[in-house]
Each structure stands twice: as C-alpha cells, then as structure tokens.
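Source: prediction; values computed, not measured. The sequence lines fix the lettering, A, B, ..., with proteins before strands; numbering per chain opens at 1.
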2 protein chains.
Amino acid sequence: MANIRVAIVGYGNLGRSVEKLIGLQPDMTLAGVFSRRDSLDTLDPDTPVLPVADFAAHTGLFDVAVLCLGSATDIPEQAPEFIRHANTVDTYDNHRDVPRHRAEMDKVARENGTVAVVSTGWDPGMFSLNRTIGQALLPGGSQNTFWGPGLSQGHSDALRRIAGVHKAVQYTIPSPDALDAARRGEAGGLTGKQTHLRRCYIVCDEADRERIENEIRTMPDYFVGYEVEVNFIDEATFDAEHTGMPHGGHVITAGDTGGYTQAIEYTLELERNPDFTGAVALAYARAAHRLREAGQSGAYTVLEVAPYLISPDSLDELIARDV
Amino acid sequence: MANIRVAIVGYGNLGRSVEKLIGLQPDMTLAGVFSRRDSLDTLDPDTPVLPVADFAAHTGLFDVAVLCLGSATDIPEQAPEFIRHANTVDTYDNHRDVPRHRAEMDKVARENGTVAVVSTGWDPGMFSLNRTIGQALLPGGSQNTFWGPGLSQGHSDALRRIAGVHKAVQYTIPSPDALDAARRGEAGGLTGKQTHLRRCYIVCDEADRERIENEIRTMPDYFVGYEVEVNFIDEATFDAEHTGMPHGGHVITAGDTGGYTQAIEYTLELERNPDFTGAVALAYARAAHRLREAGQSGAYTVLEVAPYLISPDSLDELIARDV
C-alpha cells in the first residue's frame, strides 16, 4: 500500500486532530508539523517541528500539506503561498468567498504544477457534496440544511457574560418540527429562527436562577425570537457532560416525482467537531496526492473529485465490496 | 442550457418512471422508447416507439440510452451490444456480478468510443457511494446497510398464498434497536434477522384472523426467526394505503477518532421505488453524455464520476450555491 507523507501546517484544535487521525490511516505517515512556535507538545516527541517560514525549503519531506489554519485571515493570506510549493488541502469555510479562493488557488496551482483541494471538512465539504447530489437527483425539490446539535462558541460566551453565571454552554439544535417539515418537502419558507432552537446549560447559585433565565430569554440578537430552553445543572454534571465539542446536522432534500415524495437525508452526529473536519481533510489529502501523481494540477472542490480517490482501498476492491 | 436527448430501452415500471422524470429535467428531452412491442401507451402519444432490434440504426436520434431492463438476464446479455452503438446508463443490481459487468462494458465501450455508467440507482448506486465515502472518512469504523421500510414482493406473495387471505402486503423494516446500535458503532455482529423486522397488512374475514396469524408466524424461511408484526385491516384502508411501491433504507457508518464517536447516516425514504431509481439513472445519464463530450470512453461506476457532472447546473453555479 502507498505511503503518503503528510505535513500539518498549524497546531490548534484541527492540527492536533489531524495529527491523531494520521495514525489511524493505513497509508499515511506524519512527516512533520509546521508552526510559528519553536516547540510543540506533539503526540510523538520525535515528530519534526519545523518553522512555517521555512515551508518551501522542506517540500522534499512530504507529499501533501494539510493547512490547519484559521479561515478569517490565515487561509486567504497564506494558502496561495503554500500551494506554490506543495500540494495542499484546506478547510476554508467562508462560504461566500469559496469561488474566489478556489480561483486563486487554481491559478497558482496550475502555474506550479501542484494540486489543491479547497474547502473540505463537513460544511463546507460533506454537506456541500450532499446539497449538490440531492438537487441533481430531485431537480425542483426543496432542500434544507440544519446545524446541530452543536456547541455554539459565541452564544456560550454571551451566557458567561451574565452576572452570576459560573459555567455555561449553549447548543444549537434543529427543531424537530422543522426537520419533519423538511422531510415532507414543506420547510421551504422557514427561517433559521424557526428551524433551530437554543438549549442552554447553566451552573449558578440557586438564588440567581430566575433572574439569569430572564436575562437569557430577553437578550437581543442572541436569544430573542428563538425557542430557548434553559437547564440549570450542578458543576460536576457540567464538567462530566458539557466540556466536549459536539456538532453535526442534516442536509434534507425532498422532491416530488409526479405524485410521490422522495426524501434524501444526510446526517452527521459528531462527538468532536475538529476530529471529523480533520478526517474529511485527510481523505481529500489522499485525493490531492493521487491527482498530482496522475499528472493533474489545479484546485478542486469536493464536487470535482471522483469519490474513489478519497479511499485508501483500490478501485477494484471498492467495486467488489461497496457497489 | 444543453439539451440532452435521452432514449429509454424497455418500458416496465422503471422505463415509465424515467419517461415521467425526463419531463422534470431542465436539460433533457425524450427522444424515443425502444421496445419489443409495436405500440406503447406513452405519456405523450407523439413519442417515437422504436423496435429494440433496430437500436443501432437509430443512434443519431439520441445522446444516451437509459437501459430499463431486468438484471436477471436482460442487462448481462444485452447491455454489451447496446454500448457498442451509444452511451448507456444501467441499474444492474446483481452486486456480486458488478465487477464482471463493469469490466465487460468497459472493454466494449473503449473499443467503440462510448461511455457507460453501470449499476446506478440507489442500491447499488447512492448506497454504494455512501458506503465508500463513509469508510474513507472513518477507516476502521463499523458500517451497516439497512433496507426499508420497503415493500417485499416475495414475502407479499407468500402471504397471499395462505388460505383465506384476500389481500396482503409485507414491508421489511429496519429494527429501531439495531439502527441505534449501528449509530453507536455497535451493530457489527448483527445478522439480517436481528436488524430487520417484517410488518404485514392483511385483509381477511374476521373468523380467519387467528389461524392466518399463526400460519404467518410459523412459515419457515419467510417469517420464522424474524420479529413479525401482523396487522389486520379492512379492504378500503388497504386500497388507500398499501398499493404503492415504497422503499428506502440507511447506510450508517460509525467510527472512533481517538475516544470520540462520529456517526454518518445516509437515509432514503421513497414513496415510489422505481421513480427514485430512475431519478438516479437520469442524473448519471447526464454524466455519461458529458464524459463522452469531453472525449472520454469506457465504463464508470458511481464511485468514479465527479459529483458535479450529475447536476444540470454549471460547476461555477454549484460552487457559489452549494459549497
């Protein structure tokens, strides 16, 4: 089996997930981590830690680099420089800017004979794939994307700013009624406030509960207008059950085929969001390497990659096992 | 927008579904129906009905032919002759024979400069795609395919052979407990009898109910060993609710990413089985035409087709809308 040498660029939550996941792949090894920091607490103390400024000098060490960088400024600023020197995969998630990002990466990749797969992960990424396929199968049908149950960092921060709140998290949850309407193809006109509810878990003194619940329910922008559920729990329960990073969601497409409703639903239920984002990025890192080996260059979204290219198994094995 | 001229070969349930669905596509027209019969009751009386024996003489009329033929003998015997003359899509569903079928179609297609997409539909087809992608994202994870709720023709026939049964249908239904176990990644060792239950709807005289239920529950091969649910209903309810062809199912992949469970689930809920099979075949007919236009030849499974090729929308539109 091939050995694909993978480099990680950036060592936050996503970088650490990718590091862990490389060990689960039958055909990959970790070549090193590029970072701005001099030393990192890597899983394997022998993993090379390299200065990100020296990326271009080390491209002989790896086949593809997974860019585990922020979407706000890092990816748009730095990815076009990395793709000059090596194959890359990113999880750029600024949906509105993806066409520009893909075009820029495509231009530089073609000039330099490299391959980029852009905006992998789950949304964009797997959800994009299911939106395109769903609408292709049921043209004229209705389609809804739901997010959650998932931890919302911004809303959790807002809860923690309320006086008397010791600990708090907020999960965004698809409304069960809206999910059912989407499955019947009847959720076309619903807004985000109608399709999602906000569930809060709060640790505070018992005397503060009524006031805190009232402050949550009347907080503009964050909670007003949403169905809000407030749960008060003790600190031990909070620490045991609410320190993870769960997320997920649904892409639901429903269409009418001349008097009959056909519903397609893709669901993710993720105990750890960055782990799954990293898993998708790694699978497309495999595709980037293979496309380059096949003589291709340029930038690809997940819509443009033949699915068998992301599997560690051979096409013949896949046809015999999965088709 | 392109106009793809589609021919239908065979005019059973699937052929009639494809005929209806072509009218819902923004970029396709029906060029004609090839049949062994001289005349057909087509939706549009002006649709050309052509002798299937003259297929080769009429290839100038269409861009791609959807082979709506049986998998038992028609597809393996006839598809290699059709692909000599024109692009084809089929829904060949003999899973174990797909590698041989693809190889044969690939050889003839390459010799003749045509494109075949083989074994489309939903299983094989969409379920194959989700099996491959699920295992690529979560290598080492567990994966289960569940079928139903769906009408089983063979089991319905067995019920109708019981003395005193006026009307009967049997639906195969995934066991809720097994679905939950699969979502937790704990359904690896379960057999088909443990993961599916059999739900029967029977119309009979009230005096016969106890005997008939006993005959069902003790019928070897068909029902013994399964969880069986027997419902007695009146004829009006039967005619109103149980004459359709519903089907569907789930592909569930669950994997551990170092201490965290990640679950991927793809669900189909189909009110009319042949309509959805036909919808998938038509989307891949679009891909077959485009691959040929791009100068390709050979046979492809759904695993080998870049997803954007099945959409009527342009790649730029898809990237802006779905990614």
Run the numbers on A/Lys20 and B/Tyr260 for side-chain contact (heavy atoms from CB on, under 4.5 Å), then give the verdict. CA-CA 12 Å; A/Lys20 175 176 69 170; B/Tyr260 301 93; 4.0 Å; yes

Check against side-chain contact (heavy atoms from CB on, under 4.5 Å), A/Val98 and B/Ile319: CA-CA 7 Å; A/Val98 170; B/Ile319 292 172; 4.0 Å; yes

Do B/Leu315 and A/Glu304 pass the side-chain contact (heavy atoms from CB on, under 4.5 Å) test, and can you show the C-alpha distance, the side-chain angles, and the key distance before you say yes or no? CA-CA 9 Å; B/Leu315 178 59; A/Glu304 298 159 78; 3.5 Å; yes

Candidate pair B/Gln135 and A/Asp313, rule side-chain hydrogen bond (donor to acceptor under 3.5 Å, both in side chains), full reasoning: CA-CA 10 Å; B/Gln135 292 181 79; A/Asp313 302 314; over 6 Å; no

side-chain contact (heavy atoms from CB on, under 4.5 Å) for B/Ile264 and A/Tyr266? Distances and angles first, verdict last. CA-CA 8 Å; B/Ile264 309 169; A/Tyr266 183 77; 3.4 Å; yes

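Only the side chain of A/Thr301 comes within contact range of chain B, with at least one heavy atom under 4.5 Å from a heavy atom of that chain. In this structure, the portion of B/Val302 lying under 4.5 Å from any heavy atom of chain A is its backbone and not its side chain. With a 4.5 angstrom heavy-atom cutoff, B/Ile310 touches chain A via backbone and side-chain atoms both. Proximity to chain A (any heavy atom under 4.5 Å) is restricted, for B/Arg102, to the side chain, taken from C-beta onward. Interface remark: B/Leu270 contributes backbone and side-chain atoms alike to the contact with chain A (heavy atom separation under 4.5 Å). Both the backbone and the side chain of A/Leu268 come within contact range of chain B, each with at least one heavy atom under 4.5 Å from a heavy atom of that chain. Contact annotation for B/Leu282: neither backbone nor side-chain heavy atoms come within less than 4.5 Å of a heavy atom of chain A. With a 4.5 Å cut-off on non-hydrogen atoms, B/Arg183 does not touch chain A at all. Interface residue B/Asn130: only side-chain heavy atoms are found under 4.5 Å from chain A. For a residue to count as touching a neighbouring chain, one of its non-hydrogen atoms must lie under 4.5 Å from one of that chain's; by this rule A/Ile252 does not touch chain B. The contact between B/Thr132 and chain A is made by backbone and side chain atoms together, counting heavy-atom distances below 4.5 Å.
Surrounding CD of A/Gln25 are more than 12 heavy atoms belonging to other residues, nucleotides or ligands, all under 6.0 Å away. The environment of A/Asp41 atom CG is sparse: at most 12 non-hydrogen atoms of other residues, nucleotides or ligands sit within 6.0 angstrom.
Note: B/Leu137 CG to A/Tyr284 OH = 7.0 Å, rounded to the nearest 0.5 Å. To the nearest 0.5 Å, atom CZ of residue A/Arg321 and atom CD of residue B/Gln143 are 7.0 Å apart.
For B/Ile133 against A/Met126, the heavy-atom pair with the smallest separation is CG2-SD, 3.9 Å. B/Asp256 approaches A/Leu24 most closely through the heavy-atom pair O-CD1, 3.8 Å.
With respect to chain B, the highest number of heavy-atom pairs below 4.5 Å among A/Pro124, A/Ala136, A/Pro307 belongs to A/Pro307. For the set A/Asp97, A/Leu138, A/Leu318, A/Thr261, the entry with the most heavy-atom pairs within less than 4.5 Å of chain B is A/Thr261. Counting heavy-atom pairs closer than 4.5 Å to chain A, the top residue among B/Arg96, B/Glu269, B/His250 is B/Glu269. In terms of heavy-atom pairs under 4.5 Å with chain B, the best-connected choice from A/Gly258, A/Ala263, A/Ala320 is A/Ala263. Ranked by heavy-atom pairs shorter than 4.5 Å toward chain A, the options B/Thr267, B/Leu309, B/Thr253 are led by B/Thr267.
With B/Gln262 contributing its side chain and A/Arg272 its backbone, the two residues share a donor-acceptor pair below 3.5 Å.
Scanning residues 274-281 of chain B against chain A with a 4.5 Å heavy-atom cutoff picks out B/Asp275, B/Phe276, B/Ala279, B/Val280, ordered by number.
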